[in-house]
Trainee: 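Take this structure, written in C-alpha cells, and hold onto it; I'll ask about it next.
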Amino acid sequence: MLGAIIGDIAGSVYEHRPIKKEDIDLFPPGCTYTDDTVLTVAVADCILNEGSYSDYYLKYARQYPDAGYGRIFKLWVKYEGRRIINSLGNGSAMRVSPIGWACEDVKNVIEEAEKSAQSTHAHIEGVKGAQAVALAVFFAKKGSSKEHIKCEIERRFGYDLSRKLDLIRPSYEFDPTCPGSVPEALIAFLESENFEDALKKAISLGGDADTQAAIAGAVAHAHYGGIPEEMTKKACSLLPQAFLDVIDAFVERYDVF
C-alpha cells in the first residue's frame, strides 16, 4: 500500500507535465498526495473495519475534496453513490493494492478486487484493471517471480506485457483508462531493477504519471521486499496523521513489510 502512495506522490508533479526520461527527481518541489492516495487509504480503512467500499469512498472524498478526483468520480460523489458508474478508468486500479496484501488466496483477491471496483468502475475493463493490479501485488508478496506474475496477468486478463518500454515510450500519451495504462504500468515494474527504478520507469512513460507510478510502486513494494527508509520518511511527512494511523494499523494487522 505504501508503495502505491509513494508512487502517487512521486508522480504528482509529472501528471500534466509529461516527461520522457528516467533520470528524474522523485520528490520535486510541489509533489503531494492526490486522489490515488486518498482512495488507497480508503480501501485499507474499509478492509480494517469490514465496511462498504462505497461508503468509505464517499467518506474520504468528502473529507478530502480537493485531491484531484476525476470528473466521473466527482459526479458519483455528487449523487452520493446512488448511481453505479460504468467506468473503465484507472481509478479502480490505482487504489486497489491493499486488497493484494490483505487477501490470502487468488479467488479472494479476484472477488474482493471486483467488489472494490463495482460501484464506481463497473465496466468490465475497470474491474479487470483492479483485479490485475491486486493480483500482481498478491503474487509479488508471495514471492512469485516476475515471469510468473507476467504470465498469470497475461493469461487471466489478456494484457500484453511482452512489449518494451523503450518502444512504448516515444508515442505513448496520457491515457486514464485501465486498458490504456495498467499494462504499461505493470511493464514498468517488470523492467525495473528496484523500487525507485520502477517509479522512474512508470513516470518516464509521459502518461498518467501519478497513477501509473502508484500501480508500479504497489507491485514493486511487494516484490522487492520493502521501500528505502528515506523515501518512506519523505512520503509520510506529506501525509495527514489520519492516513498514517490507518497505514500503521494496516501494516500491523497484515504484516506488511
Side-chain angles (χ1 to χ4, degrees), residues 1-40 67-70 89-97 129 132-133 136-137 140 146 149-150 153 159 161 163-224 226-228 230-239:
M1 177 176 63
L2 199 53
I5 291 171
I6 293 174
D8 173 41
I9 293 171
S12 61
V13 170
Y14 301 103
E15 182 178 10
H16 297 296
R17 289 169 48 198
I19 192 163
K20 296 285 187 176
K21 62 180 183 178
E22 297 179 23
D23 182 18
I24 58 173
D25 181 0
L26 286 179
F27 293 104
C31 67
T32 185
Y33 70 87
T34 76
D35 57 330
D36 302 52
T37 291
V38 174
L39 295 177
T40 296
Y69 306 99
N90 56 21
S92 61
M94 72 187 189
R95 67 195 184 200
V96 79
S97 58
V133 174
V137 171
K146 286 184 178 180
I149 295 170
K150 173 180 176 292
I153 300 303
Y159 291 159
L161 303 183
R163 295 169 293 149
K164 299 298 180 184
L165 284 183
D166 285 346
L167 298 179
I168 296 170
R169 188 182 293 111
S171 61
Y172 188 75
E173 297 180 348
F174 185 94
D175 188 332
T177 69
C178 278
S181 63
V182 171
E184 290 77 11
L186 293 175
I187 291 169
F189 154 69
L190 292 170
E191 289 193 16
S192 68
E193 297 179 359
N194 51 52
F195 176 78
E196 183 177 349
D197 189 44
L199 302 191
K200 289 182 175 180
K201 281 181 163 54
I203 292 168
S204 78
L205 285 163
D208 192 355
D210 59 339
T211 292
Q212 290 182 292
I215 292 168
V219 188
H221 173 192
H223 176 77
Y224 292 114
I227 299 168
E230 64 274 15
M231 296 182 75
T232 298
K233 287 182 177 178
K234 175 63 177 177
C236 288
S237 74
L238 299 173
L239 299 177

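For the numbers below, each heavy atom of this structure counts, side chains included, while hydrogens, waters and symmetry mates do not. Residue numbers count from 1 along this sequence.
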Trainee: For a 4.5 angstrom cut-off between non-hydrogen side-chain atoms, does Ile24 reach Ser204?
Mentor: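 Counting from C-beta outward, Ile24 and Ser204 never come under 4.5 Å.
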Trainee: For the residue pair Ser97 and His221, establish whether any side-chain heavy-atom pair is separated by less than 4.5 Å.
Mentor: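 No, every pair of side-chain atoms sits at 4.5 Å or beyond.
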Trainee: Where does the angle between the aromatic ring planes of Phe189 and His223 fall among parallel (under 30°), tilted (30 to 60°) and perpendicular (over 60°)?
Mentor: perpendicular
Trainee: What heavy-atom pair brings Cys178 and Ala93 nearest, and what distance separates the two atoms?
Mentor: SG-CB, 4.3 Å
Trainee: Mind checking whether Glu22 and Ser192 have side chains closer than 4.5 Å, heavy atoms only?
Mentor: no
Trainee: Mind running side-chain contact (heavy atoms from CB on, under 4.5 Å) on Ile9 and Leu239 for me, showing each step along the way?
Mentor: CA-CA 10 Å; Ile9 293 171; Leu239 299 177; 4.2 Å; yes
Trainee: So, taking the atom named OH in Tyr14 and the one named CG in Leu199, what distance separates them when rounded to the nearest 0.5 Å?
Mentor: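 Atom-to-atom, Tyr14:OH and Leu199:CG are 11.0 Å apart.
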Trainee: Looking at CD1 of Ile203 and CG of Leu26, how far apart are the two atoms once the value is rounded to the nearest 0.5 Å?
Mentor: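 Interatomic distance, Ile203 CD1 to Leu26 CG, rounded to 0.5 Å: 5.5 Å.
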Trainee: Take atom CD of Glu173 as the centre, draw a 6.0 Å sphere, and report whether it contains more than 12 heavy atoms from other residues, nucleotides or ligands.
Mentor: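 No - once you tally the heavy atoms of other residues, nucleotides and ligands closer than 6.0 Å, there are 12 at most.
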Trainee: Rounded to the nearest 0.5 Å, what separates atom CD1 in Ile168 from atom NZ in Lys201?
Mentor: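 The NZ atom of Lys201 is 12.5 Å from CD1 of Ile168, to the nearest 0.5 Å.
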Trainee: To the closest 0.5 Å, what do you measure between CD1 (Ile5) and CG (Asp210)?
Mentor: 13.0 Å
Trainee: State, to 0.1 Å, how close Leu165 and Ala188 come at their nearest heavy-atom pair, and which atoms those are.
Mentor: CD1-CA, 3.8 Å
Trainee: Please name the pair of heavy atoms, one in Leu205 and one in Tyr172, separated by the smallest distance, quoted to 0.1 Å.
Mentor: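 What the structure gives for the nearest pair is O-CD2, 3.5 Å.
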Trainee: Over all heavy atoms of both residues, which pair between Tyr224 and Phe195 is shortest? Give the atoms and the distance, please.
Mentor: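 That would be CD1-N, 3.6 Å.
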Trainee: Can you pull out every salt bridge (Lys or Arg N to Asp or Glu O under 4.0 Å) where at least one residue sits in residues 8-21? Sequence neighbours excluded, please.
Mentor: none
Trainee: Taking all non-hydrogen atoms of both residues, which atom of Asp36 and which atom of Ala214 are closest, and how far apart?
Mentor: OD2-CB, 4.2 Å
Trainee: Kindly indicate whether the side chain of Leu186, heavy atoms from C-beta on, has any atom under 4.5 Å from the side chain of Ile215.
Mentor: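 Yes, close enough: below the 4.5 Å cut-off.
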Trainee: Do Ser181 and Asn90 meet the criterion of a side-chain donor-acceptor pair at a distance under 3.5 Å?
Mentor: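 Yes.
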Trainee: Are Val38 and Tyr69 side-chain neighbours, meaning at least one heavy-atom pair lies under 4.5 Å?
Mentor: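 In contact.
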Trainee: Looking only at heavy atoms, which two atoms of Lys234 and Ser237 are closest? And how far apart?
Mentor: O-OG, 2.6 Å
Trainee: For Gln212 and Asp208, indicate whether the former's side chain and the latter's backbone hold a donor-acceptor pair under 3.5 Å.
Mentor: yes
Trainee: Flag the pair Lys200 and Glu193 as a salt bridge only when some basic side-chain nitrogen lies within less than 4.0 angstrom of an acidic carboxylate oxygen.
Mentor: no
Trainee: Nearest 0.5 angstrom please: Ile187 CD1 to Leu167 CG, how far?
Mentor: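 Ile187 atom CD1 to Leu167 atom CG measures 10.0 Å (nearest 0.5 Å).
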Trainee: Would you give the length of the straight line joining atom CG of Leu2 to atom OG1 of Thr37, rounded to the nearest 0.5 angstrom?
Mentor: 9.0 Å
Trainee: Quick check against the 3.5 Å criterion: does Thr211 have a side-chain atom that pairs as donor or acceptor with the backbone of Met94?
Mentor: no
